[in-house]
Number of protein chains: 2
Amino acid sequence: MPTVSSEELAAAAGVNSAKLRKDFSYLGSYGTRGVGYDVEYLVYQISRELGLTQDWPVVIVGIGNLGAALANYGGFASRGFRVAALIDADPAMAGRPVAGIPVQHTDELESIIRDNGVSIGVIATPAGAAQQVCDRLVAAGVTSILNFAPTVLSVPDGVDVRKVDLSIELQILAFHEQRKAGEEAAADTAAVPAAPRKQSATDQGPDGDVPAVMPA
Amino acid sequence: MPTVSSEELAAAAGVNSAKLRKDFSYLGSYGTRGVGYDVEYLVYQISRELGLTQDWPVVIVGIGNLGAALANYGGFASRGFRVAALIDADPAMAGRPVAGIPVQHTDELESIIRDNGVSIGVIATPAGAAQQVCDRLVAAGVTSILNFAPTVLSVPDGVDVRKVDLSIELQILAFHEQRKAGEEAAADTAAVPAAPRKQSATDQGPDGDVPAVMPA
DNA sequence: GAGTGTGAACGTCTTCACAGCG
DNA sequence: CGCTGTGAAGACGTTCACACTC
């Protein structure tokens with residue numbers, strides 16, 4: 001398939017074809033009227049704009065289950081990421097290979113960052129260690145951090161942090177699940193904190209004023 | 001701190017206080033003018049709306065590094081999720097406890113779902129197994145699926161799927177990192193596919209027409 | 001006086017619809 | 001004729017600003 005139309009791509013992606021064309025137009029005019037988009041050329045242009053054509057060395061700090069899962073994750077290599085090093089605070093881990101890469105001790109964090117020109121760090125440590133690791137990464141020159149630890153990290157200006165909370169997606173599913181289950185089942189038996197005293201004449205009790213609407 | 005104002009909450013969350021008040025207003029009128037919001041009552045109302053007061057049994061299928069990381073993840077319990085079972089296709093895993101829960105074999109998937117009234121399933125298998133696992137979960141009555149496998153799952157209407165791609169967040173960081181590095185460094189040395197022949201009089205070559213703008 | 005709740009103004013993103021090009 | 005590229009219209013979400021309540 002050498003060529004593809006906005007209509008086809010839109011259908012595949014489940015969006016409106018106009019949106020897709022408009023989005024593409026921000027990258028430049030890479031389509032051909034009456035024909036569509038040249039697939040190979042389009043892929044290259046999008047890849048370049050997204051930074052996929054560059055090599056991004058990353059370090060993963062905290063090689064527990066999650067760190068190991070990340071190290072083994074196949075999707076990284078194909079997107080231009082290269083795991084430059086795995087770092088863990090446990091001396092017993094040092095030297096042990098995970099996903100074919102030997103784990104190094106935290107002591108070497110700074111030199112690893114500098115020697116490899118790493119600008120992106122992944123934190124997969126327990127919550128307690130995260131801020132400290134973060135500070136050291138930043139001090140060593142890292143300017144983008146992906147945080148899997150359940151803490152809010154504070155960083156100086158100019159450093160980007162993205163936090164991934166594995167339970168938030170579950171939360172969203174549960175929220176919709178609750179809506180599916182519907183408003184039929186009413187009684188919530190958990191203890192309801194008393195509403196602050198409202199001097200309304202007809203206090204209907206804790207569940208008298210149920211939420212009316214919630215935007216989808 | 002028994003009471004809190006929209007201004008304080010907004011500052012803490014880094015958003016506009018008006019937005020916060022408007023959002024809260026969709027849940028009902030739980031504030032007190034001149035005073036603020038009763039913290040305990042507010043927490044309860046939000047928890048209830050989000051479904052945090054309910055007990056959500058979930059199963060995790062695929063107990064590799066990622067599955068194990070999820071099973072050990074502390075954030076679940078506090079949000080109303082209960083890991084009802086861990087399921088893996090490898091018979092050698094069966095019976096082995098992970099995060100204190102014994103792994104069960106895939107053969108028992110259907111009965112586990114039914115016996116525990118599970119409506120949310122987490123897929124942490126390799127890509128190849130994901131669709132098959134998904135089909136079995138759905139057939140057994142699961143209506144919400146959290147997919148960590150790098151595949152697009154197809155499901156019947158009425159079933160929600162959320163896909164978590166661990167590399168997408170890295171991608172986003174890399175994108176911004178690329179912008180930080182700035183437009184100073186120009187030359188991209190990777191092989192550029194030829195642009196489809198445009199009969200323009202002045203073909204400036206592959207990089208003559210660089211993208212002009214990109215919305216933030 | 002302090003701070004909520006909310007209509008109205010505003011800005012942004014999406015979709016329409018069509019001129020223009022291949 | 002088919003499909004892109006894009007102004008204009010429309011939908012949506014955010015912010016302002018103030019009446020109203022405690």
Side-chain angles (χ1 to χ4, degrees), chain A residues 1-46 49 172 175 193-204 208-216, chain B residues 1-46 49 172 175 193-204 208-216:
Chain A
M1 193 173 202
T3 224
V4 68
S5 73
S6 63
E7 201 66 59
E8 293 169 293
L9 281 175
V15 300
N16 184 299
S17 71
K19 173 161 172 40
L20 200 137
R21 286 200 300 280
K22 179 144 278 186
D23 284 0
F24 281 2
S25 77
Y26 287 115
L27 304 176
S29 288
Y30 296 139
T32 307
R33 296 174 190 225
V35 179
Y37 298 89
D38 180 84
V39 173
E40 189 193 5
Y41 192 60
L42 182 64
V43 165
Y44 169 75
Q45 290 297 348
I46 294 175
E49 188 68 29
I172 295 170
F175 178 76
R197 285 303 88 200
K198 302 222 178 180
Q199 296 286 4
S200 120
T202 54
D203 192 333
Q204 296 181 283
D209 47 355
V210 233
V213 231
M214 184 76 185
Chain B
M1 192 176 204
T3 224
V4 68
S5 73
S6 62
E7 202 66 58
E8 294 169 293
L9 282 175
V15 299
N16 185 298
S17 71
K19 173 163 170 39
L20 201 138
R21 286 201 300 281
K22 178 145 279 190
D23 284 0
F24 282 2
S25 77
Y26 287 116
L27 304 176
S29 289
Y30 296 139
T32 306
R33 296 172 190 223
V35 179
Y37 298 89
D38 180 83
V39 173
E40 190 193 5
Y41 192 61
L42 182 63
V43 165
Y44 169 75
Q45 290 297 349
I46 294 175
E49 189 68 30
I172 295 170
F175 179 77
R197 286 301 90 200
K198 303 220 178 183
Q199 297 285 3
S200 121
T202 54
D203 191 334
Q204 296 181 283
D209 47 356
V210 235
V213 231
M214 184 73 187

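All chains are named by letter (A, B, ...) in the order of the sequence lines, taking the proteins before the strands, and each is independently numbered beginning at 1. Side chains are part of it too, since the values below use all heavy atoms of this structure and drop only hydrogens, waters and symmetry mates.
Regarding B:Arg33, its CZ atom lies at a distance of 19 Å from the P atom of D:dA17, rounded to whole Å. Protein atom CD of B:Glu8 is 13 Å distant from nucleotide atom P of C:dA2, rounded to whole Å. One atom, CZ of B:Phe24, and another, P of D:dT14, lie 14 Å apart when rounded to the nearest Å. One interatomic measurement links the two molecules: CG of A:Leu20 to C1' of C:dT15, which rounds to 13 Å at whole-angstrom precision. The NZ-C1' distance, from B:Lys22 to C:dA9, rounds to 11 Å in whole Å. Between A:Asn16 atom CG and D:dA11 atom C1' the separation is 13 Å, expressed in whole Å. At whole-Å resolution of the value, OH in B:Tyr30 and P in C:dG3 are 22 Å apart. Between A:Tyr26 atom OH and C:dT12 atom P there is a gap of 11 Å when expressed in whole angstrom units.
When the side-chain nitrogen and oxygen atoms of B:Lys19 are compared with OP1 and OP2 of D:dT15, none of them lie within a distance under 4.0 Å. Here B:Ser5 does not reach the OP1 or OP2 of C:dG3: none of its side-chain N or O atoms lies under 4.0 Å away. In terms of phosphate contacts, B:Thr32 brings no side-chain nitrogen or oxygen within less than 4.0 Å of OP1 or OP2 of D:dC22.
No side-chain heavy atom of B:Tyr44 sits less than 4.5 Å from a side-chain heavy atom of B:Glu40. Residues B:Val39 and B:Thr3 fail the side-chain proximity criterion, which asks for heavy atoms closer than 4.5 Å. Considering only heavy atoms from C-beta on, B:Thr32 stays 4.5 Å or farther from B:Asp38 through its side chain.
Side-chain atoms of A:Arg21 and base atoms of D:dG5 include a donor and an acceptor less than 3.5 Å apart.
Both A:Glu7 and B:Asp23 sit near DNA chain D, but only A:Glu7 has its closest nucleotide nearer the 5' end.
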Criterion ring pair (Phe, Tyr, Trp, His ring centres under 6.0 Å) on A:Tyr41 and A:Tyr30, from CA distance to verdict: CA-CA 8 Å; A:Tyr41 192 60; A:Tyr30 296 139; 5.5 Å; yes
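Among the heavy atoms of the strands lying under 4.0 Å from B:Tyr37 are primed sugar atoms or P, OP1, OP2 only; no base atom is included.
Between B:Tyr37 and the choices B:Glu8, B:Arg21, B:Gln45, the side chain to side chain contact (heavy atoms under 4.5 Å, CB included) rule is met once, by B:Arg21.
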